[in-house]
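In the text below, chain A, chain B and the rest are named by the order of the sequence lines, each starting its count at 1.
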There are 2 protein chains.
Amino acid sequence: MGNGILYGVSVGPGDPELLTLKAARVLARCAVVAAPQTPAGGMLALDIARQAVDLSAKRILPLRFAMSRDAQTREAAHRAAIQALRAELDAGGDVALLNLGDVTVYSSFGRIQGDLVAAGYRVEMIPGVTSFCAAAARLGQPLTGGMKEPLCIVPGRAGSDLLRAPGAKAFLKSGRDLPRLLEDLAQAGLLGRSALVARCGLPGEEVYPDLSLAQPQGDPDYFTTVLVKGEEE
Amino acid sequence: MGNGILYGVSVGPGDPELLTLKAARVLARCAVVAAPQTPAGGMLALDIARQAVDLSAKRILPLRFAMSRDAQTREAAHRAAIQALRAELDAGGDVALLNLGDVTVYSSFGRIQGDLVAAGYRVEMIPGVTSFCAAAARLGQPLTGGMKEPLCIVPGRAGSDLLRAPGAKAFLKSGRDLPRLLEDLAQAGLLGRSALVARCGLPGEEVYPDLSLAQPQGDPDYFTTVLVKGEEE
């Protein structure tokens with residue numbers, strides 16, 4: 001018996017119905033389901049997946065990676081995750097590792113995959129719905145304007161100097177940096193071209209179609225997406 | 001009885017299993033399925049959807065929009081599509097309009113939606129898997145590097161001057177403009193950081209993980225995605 005396959009399974013940003021048919025099929029046939037777990041014990045990707053697929057007979061493998069700001073803690077958690085996954089794969093079982101949103105976009109799966117592939121394991125990525133596509137659909141507006149204009153996806157830790165670049169923009173996970181981004185949007189005169197969705201498809205979802213009219217109050221949620229229209233709309 | 005709802009249903013870039021559970025459910029309950037049709041009669045989005053969902057009992061509404069280079073022809077086709085959709089919705093039936101890839105990203109659905117919403121109709125977008133996420137998953141590589149680096153999605157008719165912008169890039173539908181893009185990548189010394197997937201998940205799929213080693217020969221396909229890694233990988 002050879003080694004098992006690790007599947008990086010995208011579960012989308014929140015609505016369990018945004019899992020793909022492929023994600024549901026792969027989950028149904030893996031005996032082991034691995035998923036990120038916060039220090040407080042939360043397992044959001046697992047919560048989403050189990051609303052879409054019956055996981056009651058699965059063995060759940062909680063992994064604590066990539067949540068700490070401390071590099072040493074992150075490194076130790078990464079090594080522990082690799083070790084736990086290798087143990088399962090070495091025993092010949094396939095493992096589904098759940099990922100919020102899409103597994104190819106700002107996902108912690110990339111490094112895990114790199115290490116396992118380098119060690120000779122088979123890894124397969126199952127793409128899914130990104131938070132920015134889901135947010136645009138929730139707002140009922142296209143992400144992009146015309147076919148001449150780029151769409152720039154800006155992760156949390158990138159600055160907002162990209163605001164003045166051409167085209168449409170999606171700022172991801174901007175909860176922590178939201179006050180600064182809102183200020184920059186106001187200064188650039190772009191609030192009227194900007195919308196915000198927090199916790200898209202999750203309990204407590206908030207939708208602001210026009211940030212010049214209304215903005216979220218209080219502590220911004222970690223899962224916040226700000227969409228800024230381009231010029232070619 | 002009120003008017004029907006128009007659903008913009010994303011079918012993903014090719015693999016029928018990349019439809020979401022939501023797309024499958026909405027398709028199953030709409031009696032009318034509208035889909036783009038080329039002048040030669042091809043209906044690719046429909047071909048993909050019917051491999052995932054039984055559409056044999058549906059009424060199919062072929063729409064010929066957005067395929068012509070001539071503005072007047074496009075405009076007439078757009079008006080005819082709106083008229084055909086309004087007739088269905090006025091009769092009280094819900095309509096699923098199929099879209100390749102994701103309906104919020106460089107989709108012709110945006111304008112149809114705008115016109116119908118302005119005329120008082122209810123429209124809902126069902127997000128899906130984009131071609132660039134599917135291409136990255138097919139290559140088994142993340143689209144993005146670190147969390148400080150943007151990801152720029154560049155449509156066919158945008159130039160390749162964005163090659164020198166920071167971050168990772170995905171060039172979409174670059175078939176027609178592929179020779180020029182490959183030249184520009186070579187001049188920028190980026191071929192070794194670039195990969196290409198043509199017809200991802202469709203018959204005739206081609207995968208080039210490293211464009212400095214091998215490149216597609218002959219006429220490039222319309223459905224071509226070129227992925228360029230960022231610096232933070």
Please tabulate, one pair per line, the N or O donor-acceptor pairs under 3.5 Å between chain A and chain B.
from, atom 1, to, atom 2, distance (Å)
A:Asp15, OD2, B:Lys22, NZ, 3.2
A:Glu17, O, B:Leu21, N, 3.3
A:Glu17, O, B:Lys22, N, 2.9
A:Glu17, OE1, B:Arg25, NE, 3.3
A:Glu17, OE1, B:Arg25, NH2, 2.7
A:Glu17, OE2, B:Arg25, NE, 2.6
A:Leu19, O, B:Leu21, N, 2.9
A:Leu21, N, B:Glu17, O, 3.3
A:Leu21, N, B:Leu19, O, 2.9
A:Lys22, N, B:Glu17, O, 2.9
A:Lys22, NZ, B:Asp15, OD2, 3.2
A:Arg25, NE, B:Glu17, OE1, 3.2
A:Arg25, NE, B:Glu17, OE2, 2.5
A:Arg25, NH2, B:Glu17, OE1, 2.7
A:Thr104, O, B:Leu143, N, 2.8
A:Tyr106, N, B:Thr144, OG1, 2.8
A:Tyr106, OH, B:Glu149, O, 2.4
A:Tyr106, OH, B:Leu151, N, 3.3
A:Gln113, NE2, B:Gly140, O, 3.2
A:Gly140, O, B:Gln113, NE2, 3.2
A:Leu143, N, B:Thr104, O, 2.8
A:Thr144, OG1, B:Tyr106, N, 2.8
A:Met147, O, B:Arg157, N, 3.3
A:Glu149, O, B:Tyr106, OH, 2.4
A:Leu151, N, B:Tyr106, OH, 3.3
A:Leu151, N, B:Ile153, O, 2.8
A:Leu151, O, B:Ile153, N, 2.7
A:Ile153, N, B:Leu151, O, 2.7
A:Ile153, O, B:Leu151, N, 2.8
A:Arg157, N, B:Met147, O, 3.3

**OP:** Write down the atom of B:Leu21, the atom of A:Pro16, and the distance for their closest heavy-atom approach.
**Re:** CD1-O, 3.9 Å
**OP:** Taking all non-hydrogen atoms of both residues into account, name the closest pair between B:Val129 and A:Pro127 and its distance.
**Re:** CG1-CB, 3.9 Å
Subject >> Non-hydrogen atoms of B:Val105 and A:Cys133 that approach each other most closely >> reply: CG2-SG, 3.8 Å
Subject >> Heavy-atom closest pair, residues A:Met125 and B:Ala137 >> reply: O-CB, 3.6 Å
Subject >> Among the listed options B:Gly140, B:Pro166, B:Ala136, the residue most often paired with chain A at heavy-atom distances under 4.5 Å >> reply: B:Gly140
Original post:
Could you give the distance from CG (A:Leu151) to CG (B:Leu151), rounded to the nearest 0.5 Å?
Top reply: 8.0 Å
Original post:
Given a strict heavy-atom distance threshold of 4.5 Å, which part of B:Ala24 is in contact with chain A: side chain, backbone, both, or neither?
Top reply: side chain
Original post:
Among A:Gly12, A:Ala170, A:Cys152, which has the most heavy-atom pairs under 4.5 Å with chain B?
Top reply: A:Cys152
